[in-house]
Every structure is written in C-alpha cells, then in structure tokens.
Protein chains: 2
Amino acid sequence: MGKPTVHDIAKTAGVSLATVDRVLNARPGVRQKTIDRVNEAIDSLGYIRDLSAANLARQRVYRFAFVLPEGPDQFVETLRASLQEAAANGQSDRLGIKQYRIPPRDPHAIVGVLQRIGNSHYEGVAIMAPETPEVRDAILRLKEQGIAVVALVSDLPTSGRDWFVGTNNIAAGRTAGQLMGQFQKDPNGKILVVSSSMLARDAIERRLGFDKVIAERFPDLNVLPSLEGHGDTERIARIIKRAFELNPDISGVYSIGSGNKSLLEAIEPFRIANSPIIIGHELTPTMRKALIQDNIDAVITQNVGHLARSAIRVLKAKCDNAKLLESQERIRIEIVLRENL
Amino acid sequence: MGKPTVHDIAKTAGVSLATVDRVLNARPGVRQKTIDRVNEAIDSLGYIRDLSAANLARQRVYRFAFVLPEGPDQFVETLRASLQEAAANGQSDRLGIKQYRIPPRDPHAIVGVLQRIGNSHYEGVAIMAPETPEVRDAILRLKEQGIAVVALVSDLPTSGRDWFVGTNNIAAGRTAGQLMGQFQKDPNGKILVVSSSMLARDAIERRLGFDKVIAERFPDLNVLPSLEGHGDTERIARIIKRAFELNPDISGVYSIGSGNKSLLEAIEPFRIANSPIIIGHELTPTMRKALIQDNIDAVITQNVGHLARSAIRVLKAKCDNAKLLESQERIRIEIVLRENL
DNA sequence: AACAAAATGAGGTACGCACCTCATTTTTTG
DNA sequence: CAAAAAATGAGGTGCGTACCTCATTTTGTT
C-alpha cells in the first residue's frame with residue numbers, strides 16, 4: 001500500500017470524505033470531537049498531504065511581491081536579476097512574482113507601496129528597506145492581513161517579519177576584520193574605513209563587528225575614523241586623497257558599503273606606494289573585475305542567487321504552513337578571493 | 001485564459017488528445033508530419049508541461065541510488081547525513097533515495113554494487129569513487145541503460161557521467177595556497193604539506209593548485225615535499241614530529257585530505273614555538289572545533305547540504321529532461337574562518 | 001416530545017496529465 | 001484495386017486533492 005490518502009483517513013477515522021476535507025482545510029461545521037478523531041487518524045497513519053495534487057486542484061499560484069530599493073546599485077541590480085531568473089525558472093512552480101521599487105530614503109513612499117501590496121491579494125512579501133517606525137508599522141499591518149513577510153538583506157527584527165533572509169552583518173564585519181588583520185604584514189598599520197550603504201543598519205553592524213575583531217585580536221592595528229562617501233564619486237575621490245596624504249602609512253582599506261567603483265578608482269593612485277590590503281563587500285561585477293585584476297584582496301559577500309531562491313522558498317513554506325529546512329536557508333558569509341571566484 | 005494545456009495543443013494542431021499524448025510522451029504510431037504539427041502548436045502556444053500534474057498522474061517516484069565510500073571519514077559521514085535529511089524532507093517530492101556503501105579501494109566491489117544498482121530499476125545514480133577503468137566502464141554501462149549518473153565530490157570525467165557535483169579541486173588548492181601565502185608573516189617560511197585522501201585525484205589536484213599559486217605569487221615560500229599519512233594516527237604523529245624537528249622554521253601546514261584529527265593532534269606540541277598557519281579542507285565537526293579553538297586558521301570546504309541537494313536536483317532534471325539552473329548547481333569553494341562559521 | 005440548528009454523509013466535478021481500449025480513417029503494399 | 005498495415009480519433013479511468021450541493025442524521029433547546 002502506498003502513501004495514505006484522504007480516503008484512508010476517512011476509513012480509519014470512520015467519517016466521510018467530506019468531513020475529512022472539512023478538517024483538513026479548516027472549514028467550519030465539524031464538532032471538536034470529530035476533528036480530534038480525524039487528526040488522530042491523520043497522525044496514526046502518518047498522512048502527508050500531497051501538496052502538488054492540492055495545488056493542482058485549486059489551481060494555486062503563489063503571488064509574491066518583492067520590494068527592493070531603486071537607484072543605481074550594482075548589488076541590488078544583481079539581486080533583481082537573480083530574482084528574475086528564479087521567477088522565470090519557477091513559472092513551472094506556480095510562482096507569480098512581481099518586483100516593486102522603492103526610494104530607500106523615503107519611508108512615506110515605502111509605506112505607500114506596502115499598502116498597495118496589501119490591497120493586491122499577495123500571499124507573501126519580501127522587503128529590503130531601512131528600518132523605520134513607519135515601515136515597521138506597515139509590515140505589521142501586512143502581517144495582520146495574513147500575508148507572509150520576510151526581510152531581505154537587511155533585517156527588520158521589530159516588524160514581526162516571519163523570517164530574515166540575509167547574513168549576520170556583525171559576523172560579516174568580523175570576518176572582514178579577521179581577514180584584514182591576518183593579511184597585514186605590519187602589525188601596526190593604519191586601517192582606513194569607508195562607509196556608505198543604502199541601509200544604515202548594515203553599515204553600522206559591519207563596522208561594529210570589524211572594530212571588535214580588530215580590538216580583540218589585532219590590537220596594534222590603528223583603525224581610523226570612518227569616512228562617508230554618500231555615493232558621491234567626486235567626494236569620495238577627495239576624501240580618499242586627503243586621507244592618504246594625512247596618513248601615508250595606511251596599510252588597509254575596508255569598504256563597508258556600496259559605491260565600490262568610485263572608491264577603487266580613488267585608491268588606485270596610492271596602491272603603488274602603499275599597496276594596502278583592500279577588503280570590501282558584495283561581489284558585484286565591479287568587485288569581480290577588481291579581484292581578477294588584483295586591485296582588491298578579498299570580498300565578503302552573500303550569494304544573490306541563494307538570497308532570491310531562499311526568500312521564495314521561505315515565503316512558500318510560510319504560505320503552506322510547512323516547516324523549512326533551516327540549514328538550507330542560512331545565508332552564508334562568503335569570502336571570495338581571486339582564486340575561488 | 002490560463003496556461004495552455006494539452007487540450008489547447010490538440011485544438012490548434014487540429015489533432016485529437018490521444019495524438020498529442022502520443023507525441024508528448026514519445027509513443028509510437030504517429031507520422032513525422034503529424035509530430036511536427038503538434039510540436040509547432042506546442043511552441044507557438046508556449047506550452048509547458050505541468051510536471052506536478054504529470055507526476056501525479058503516473059504516480060511517479062524518482063528512484064535514486066547514492067554510492068559513497070564506507071569507512072570512518074567525517075566528511076563522508078556529514079555528507080551522508082545531509083543526504084538523509086534531504087531525502088526525508090523530500091518524501092513529499094516523490095523521492096526514493098537509497099544509500100550504498102563501497103570500499104573505496106576495491107574497484108571490483110564497486111563494480112559489483114553498480115551492477116546491482118543497474119538491475120534495480122533506478123532512474124539515477126550519484127557516485128563518489130576513485131577513478132579507475134573498471135568503475136568508468138561500469139558507469140558507461142549504467143548510462144547505456146538510460147540511467148542518469150552524476151559524479152559526486154570527485155569527478156569521473158571519462159566515464160560519460162552526466163554531471164559533476166563538486167568543486168574544482170585545482171581551484172580549491174589554489175585558494176588554500178593564496179590564503180597560506182597571504183597569511184604568512186615571513187615571506188621565506190617553510191610550508192609543510194600533509195596528504196592522504198580517500199580519492200587520489202582530489203589530493204593530486206589540490207596539491208597542484210596549491211603549488212602553482214605559491215610558485216606564481218609567493219615564490220619565496222618553501223614548500224616541502226608532501227608527507228603521506230595514510231589515515232594512520234600513529235604514523236602521522238611520527239612523521240609530523242620528524243618534520244618539525246628537521247625544519248624548526250616551518251611556518252605553515254597545509255592538510256590536503258582527510259584525517260585532520262590526527263594531524264591536528266600531532267601538530268599541537270609545535271604550535272607554541274612555531275605558531276604556523278594551518279589550513280585544511282572540509283568543514284567536519286573536528287575542523288569546526290579546531291576553528292573555534294583557534295587551532296587552525298582557515299578551512300576550505302564545500303557545503304555538504306548543497307552537495308546533497310544539488311545532486312538530487314540534477315538527477316531529477318536529467319530524468320525529466322529539463323535544463324538546470326547552472327548557477328544554482330555550481331558548488332562554491334568556501335573559505336571558513338572562525339568568524340564566518 | 002417537537003423542533004430548529006448543527007453536523008455529517010453521499011456524491012459529483014474539476015485540476016492537468018498519463019495511459020488504455022477500440023473503432024474508424026488513412027496510407028501503404030502487393 | 002483490394003487487403004493489410006499504419007495512423008488517428010473518441011472516449012474513458014485514475015492520480016490525490018479541493019470545493020460544492022443536497023439529503024440525512026445527530027444534537028441541543030424549549
């Protein structure tokens with residue numbers, strides 16, 4: 001005998017198919033006593049609902065909304081592309097995925113988008129946005145409507161989101177720090193930190209982890225106060241130049257956030273004299289090229305394909321009320337060198 | 001109108017459902033002309049077969065055999081556990097997975113197991129075994145029977161396997177070499193290489209990559225001839241001791257294969273004086289512990305969960321004649337430090 | 001006890017596909 | 001041109017589930 005089916009449940013519970021169906025799909029009109037009988041039968045038989053048959057019968061489509069920041073950012077763009085790919089590939093998986101763009105620094109606009117989404121019969125939402133009270137409340141409202149929500153890349157812990165798809169940024173910062181420390185030849189070198197991220201929280205956490213590791217394990221290194229690029233190429237060039245002029249003995253540069261292209265260009269003139277260790281985040285095309293050309297030593301990153309697929313899997317699992325394989329959904333902090341690209 | 005179905009194909013091709021079915025499932029008794037008509041209709045409509053409905057109809061179970069070496073090896077054991085997990089989780093995915101154990105150094109026995117598998121109506125086989133002519137031929141025979149075959153962890157390029165699930169071991173060796181080089185404080189240090197692997201090919205390739213990177217990028221480092229542990233704890237202790245006595249200035253140890261536990265224990269006495277950089281492969285429980293306790297600097301590894309799931313996905317895709325998302329199946333060479341465990 | 005309300009049963013249809021049978025039509029062959 | 005062979009059509013059943021309708025039974029209320 002194969003896997004137990006609804007018929008087997010009906011038989012062993014001594015009820016009709018209709019009642020089994022009512023219990024399975026939480027429809028009203030069944031006494032608690034009967035519900036219990038059916039549930040007993042279910043787990044005595046070890047019944048497992050055939051999801052694909054169920055989805056076939058109800059012609060189900062998983063409607064998910066992905067909310068990502070707009071604006072020029074290679075990381076977000078590659079993430080969008082991965083999503084696109086996963087969604088295309090998953091047209092056979094009954095996926096209906098739509099991407100939304102939000103201005104990352106305008107909480108009001110973000111809330112507007114989330115409200116629209118809430119009114120559009122989505123079953124799940126994945127959102128990458130800075131943590132603000134407005135956004136948090138909008139997410140709470142989505143949750144109240146029974147919509148599954150995952151935070152993407154940047155966590156929104158107080159929002160009641162069901163899950164966070166991304167890395168621990170403190171640990172990512174620690175990893176960068178550890179590498180920076182171990183790559184240093186001069187134990188007393190000066191480390192320049194350049195910040196700027198679309199999501200403040202990430203930058204802060206990475207910086208925290210970085211500083212902690214340096215303090216704990218490489219106390220002789222001298223981490224300079226961080227510079228803010230604000231995504232402005234000229235500004236970056238200016239402040240980098242000044243930093244290297246003031247500190248000719250800089251032996252390491254840690255780039256916390258985005259805008260790596262401008263930064264790398266700005267550093268270029270000082271590489272020959274100082275040959276500082278350079279470490280950054282997110283394996284964008286720019287960073288990939290920089291690794292290949294030996295313009296950078298290591299990139300700490302998260303796999304965007306994994307991010308996209310994990311978010312989809314988690315949302316699906318939440319919708320199906322299924323438990324997920326956590327080991328598969330843990331986004332790893334990847335260290336990429338030239339050799340393991 | 002929703003997604004096109006077989007009915008739509010029949011209509012637009014001007015044939016009956018039975019004929020569409022014959023074409024779709026490659027059953028005989030259809031003229032080439034008609035086949036073409038149906039196929040035209042299929043791609044003009046952009047028809048995509050609903051795999052879950054199809055699998056439901058035919059009560060399909062994907063029967064896969066996983067052939068892994070027996071014997072005490074933490075890496076293989078964690079891989080087995082991941083497989084177990086994936087298989088258990090995938091009972092809802094119509095998976096029927098069975099694991100086989102082979103003595104890795106007995107090609108004859110391996111062939112016997114593969115023959116048994118060939119007679120047991122499997123649809124797919126994943127195999128982790130050393131490359132020998134006997135094994136290669138046995139795999140060729142499996143392929144002739146129409147069974148999908150993937151090589152696992154260690155490639156079998158001449159066997160006609162459909163796919164390789166694992167990392168490029170040359171690149172893994174290069175990565176180890178790069179890290180070893182960049183972690184060195186003394187540019188003229190001596191590097192000890194300890195070999196021993198269940199699969200000769202892996203060890204050779206890693207060694208190759210390691211040596212190449214050192215030669216290219218850290219030419220002043222002195223890589224000593226490699227020592228062979230052969231999985232014998234006492235022997236390892238002996239040869240390590242001798243190596244450190246002969247070369248008191250060893251500043252790095254690269255462990256190519258398995259048997260890391262014995263190796264780490266053997267090195268312990270020399271850590272205080274030399275504090276060499278230690279790099280090894282495969283994130284087993286032993287290695288994890290060593291990282292946490294700062295007994296080792298880096299582990300180059302591949303994610304066993306990913307290996308297991310990828311092998312399953314690939315086999316499934318091969319059975320379904322579907323194309324696979326290659327970016328998802330590329331097993332990454334992971335660098336694990338204490339901080340990004 | 002009589003009645004309304006609630007619970008349950010019986011049975012059907014649909015989802016998209018696989019697989020089967022048996023007639024009927026078309027093509028090939030001698 | 002007739003007979004044999006091949007191709008096609010028409011229709012049905014089942015996979016495991018969802019969802020619906022309408023009787024019928026059981027329960028609770030007064």
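Each chain gets a letter, A, B and so on, in the order its sequence line appears, and its residues count up from 1. What you are looking at is a predicted structure, and each value in this text was computed from that prediction instead of being measured.
Remark: P of C/dA18 and CG of B/N55 are 9 Å apart, rounded to the nearest angstrom. Taking atom CD1 on B/I9 and atom C1' on C/dA18, their separation rounds to 14 Å, with Å as the unit. What separates CD1 of B/I48 from P of C/dG16 is a distance of 14 Å, to the nearest Å. Put simply, CG on A/D50 is 13 Å from C1' on C/dC15, counting in whole angstrom units.
Between B/R58 and B/V15, the residue anchored nearer the 5' end of DNA chain D, judged by the nucleotide with its closest heavy atom, is B/V15. Comparing B/A57 and B/I35 by the nucleotide of DNA chain D that holds the closest heavy atom to each, the one mapping nearer the 5' end is B/I35.
Put simply, the side chain of A/R63 never gets that close to the backbone of A/G96: no donor and acceptor are under 3.5 Å apart. A distance-only check finds a donor-acceptor pair linking the side chain of B/N303 to the backbone of B/G305 [under 3.5 Å].
Partners of B/E134 according to the side chain to side chain contact (heavy atoms under 4.5 Å, CB included) rule, which considers only residues two or more places apart in sequence or in another chain, are B/P107, B/V111, B/T132. For the side chain to side chain donor-acceptor pair (under 3.5 Å) test, residues two or more places apart in sequence or in another chain that qualify with A/D162 are A/K143. A/Q84 pairs by the side chain to side chain contact (heavy atoms under 4.5 Å, CB included) definition with A/Q99, not counting sequence neighbours. Looking at residues two or more places apart in sequence or on another chain, you find no side chain to side chain donor-acceptor pair (under 3.5 Å) involving A/T167. A/S159 meets the side chain to side chain contact (heavy atoms under 4.5 Å, CB included) test with A/R136, A/I139, A/L156, A/R161; sequence neighbours excluded. The side chain to side chain contact (heavy atoms under 4.5 Å, CB included) test applied to A/A109 returns A/P103, A/D106, not counting sequence neighbours.
A/Q59 has no side-chain polar atom (N or O) that falls below the 4.0 Å cut-off from OP1 or OP2 of C/dA14.
Residue pairs meeting the salt bridge (charged side-chain N to carboxylate O under 4.0 Å, His left out) criterion with at least one partner in residues 111-132 of chain A, sequence neighbours excluded, are A/R60-A/E123, A/E131-A/R201. Among residues at least two apart or in separate chains, salt bridge (charged side-chain N to carboxylate O under 4.0 Å, His left out) pairs with a member in residues 42-58 of chain B are A/R94-B/D50.
For DNA chain D, the contact window with chain A, defined by any atom under 4.0 Å from a protein heavy atom, covers D/dG16 to D/dT27 in 5' to 3' order.
With the end axes of the helix from C/dA1-D/dT30 to C/dG30-D/dC1 each set by five pairs, the angle from one to the other reads 20° at 10° resolution.
Base engagement by A/H7 is indicated by at least one non-hydrogen atom pair under 4.0 Å involving a base atom.
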N/O donor-acceptor pairs under 3.5 Å from side chains in residues 14-23 of chain A, not counting sequence neighbours:
{"unit_1": "A/S16", "atom_1": "OG", "unit_2": "A/A18", "atom_2": "N", "d": "3.4"}
{"unit_1": "A/S16", "atom_1": "OG", "unit_2": "A/T19", "atom_2": "N", "d": "3.4"}
{"unit_1": "A/S16", "atom_1": "OG", "unit_2": "A/T19", "atom_2": "OG1", "d": "3.4"}
{"unit_1": "A/D21", "atom_1": "OD1", "unit_2": "A/N25", "atom_2": "ND2", "d": "2.9"}
{"unit_1": "A/D21", "atom_1": "OD1", "unit_2": "A/R27", "atom_2": "NH2", "d": "3.2"}
{"unit_1": "A/D21", "atom_1": "OD2", "unit_2": "A/R27", "atom_2": "NE", "d": "3.2"}
{"unit_1": "A/D21", "atom_1": "OD2", "unit_2": "A/R27", "atom_2": "NH2", "d": "2.7"}

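Within residues 17-34 of chain B, the residues that have a heavy atom under 4.0 Å from DNA chain D are, in order of number, B/A18, B/T19, B/R22, B/G29, B/V30, B/R31, B/T34.
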